[in-house]
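See structure below.
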Amino acid sequence: MKTLSLLRIITSLCIMAGPLILFSSCKKEALSSTIKTEKTPPVEISPGLYLIDFDGVRADGGFCYKIGYDLDGGDSNAEPTKSKMRIFENGIELFPPHSVHDDIRNYGGGRFSHWGSTLYFSTSDNTNPITNGKQYTCTLDGMAYPKTDTVVTHAVNPQPGKVDQ
C-alpha cells in the first residue's frame, strides 16, 4: 500500500515537473585524471624565496584560492599562529597572515592562511591570481622579501595558451 502511494506521488511530480532524466553511470575517472592531486613543494628561485606555482590551484569560494603544498609548519587548531610563511605579490607583502578562511573568502584583500600543508590566500585586489599577470612568491622562515639581484627568467605563464612577449 505504501509503495503504491509513493509511486503515485513520484508519478504526479514527474507530470508536474516534466521529464525525469536518470543517469546510470558516472565517468569520475576521466575528471580525476585532469586534476593535480600530488602535493609538491614550491620552487626555490633564489635563496629563501619560493615561486608559488598555480598548477593545481583551486577556487575555494569568494576571493579565496587554495593550493596544497607539501610543507610542514602550517597553522593548526592547537597552534593557530605557528606558520612563518610570508607571501609577496610582485614583491609587496600580502597581509594579514593567519586569517580566518571565511574572511579570506568574504573580504580577500591579501588575507592568507598557511593551514596544515595547504595555502589559502587572496590577491591584494581580489583578482584571479591565475590570470592577473602578477607573480606570487613566499618565504617560509618568516624573513622579509630577500634583497637580490636575481631576476626570475622562468615563471609560470599566468595565461595558458598565450606566449609571453
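Residues H98 and P80 share a closest heavy-atom pair of ND1-O, 3.6 Å. Summarising the geometry of Y107 relative to F63, their closest heavy-atom pair is C-CD1, 3.8 Å, with the distance given to 0.1 Å. Closest of all the heavy-atom pairs between K82 and G74 is CD-O, 3.7 Å. In plain terms, the two heavy atoms of Y136 and P129 that are nearest each other are CE1-CB, 4.0 Å. Heavy-atom minimum distance, T123 versus E89: CB-OE2, 3.5 Å. Summarising the geometry of I67 relative to I52, their closest heavy-atom pair is CD1-CG2, 3.6 Å, with the distance given to 0.1 Å.
Formation of a donor-acceptor pair under 3.5 Å by the N90 side chain with backbone atoms of K134 is not found in this model. A side-chain donor-acceptor contact under 3.5 Å links E44 to the backbone of G48. For S122 (side chain) and G110 (main-chain N/O), a donor-acceptor pair under 3.5 Å exists by modelled atom type. Using modelled atom types, one side-chain atom of R86 and one backbone atom of G142 make a donor-acceptor pair closer than 3.5 Å. Listed for the N126 side chain is a donor-acceptor partner under 3.5 Å among the backbone atoms of G109. Under a 3.5 Å cut-off, the side chain of H101 and the backbone N or O of D103 do not form any donor-acceptor pair.
With sequence neighbours excluded, no residue forms a side chain to side chain donor-acceptor pair (under 3.5 Å) with S99.
Taking CD1 of I104 as the reference point, atom OH of Y120 lies at 9.0 Å (rounded to 0.5 Å). Of the inter-residue distances, the one linking I45 atom CD1 with L51 atom CG reads 5.0 Å to the nearest 0.5 angstrom.
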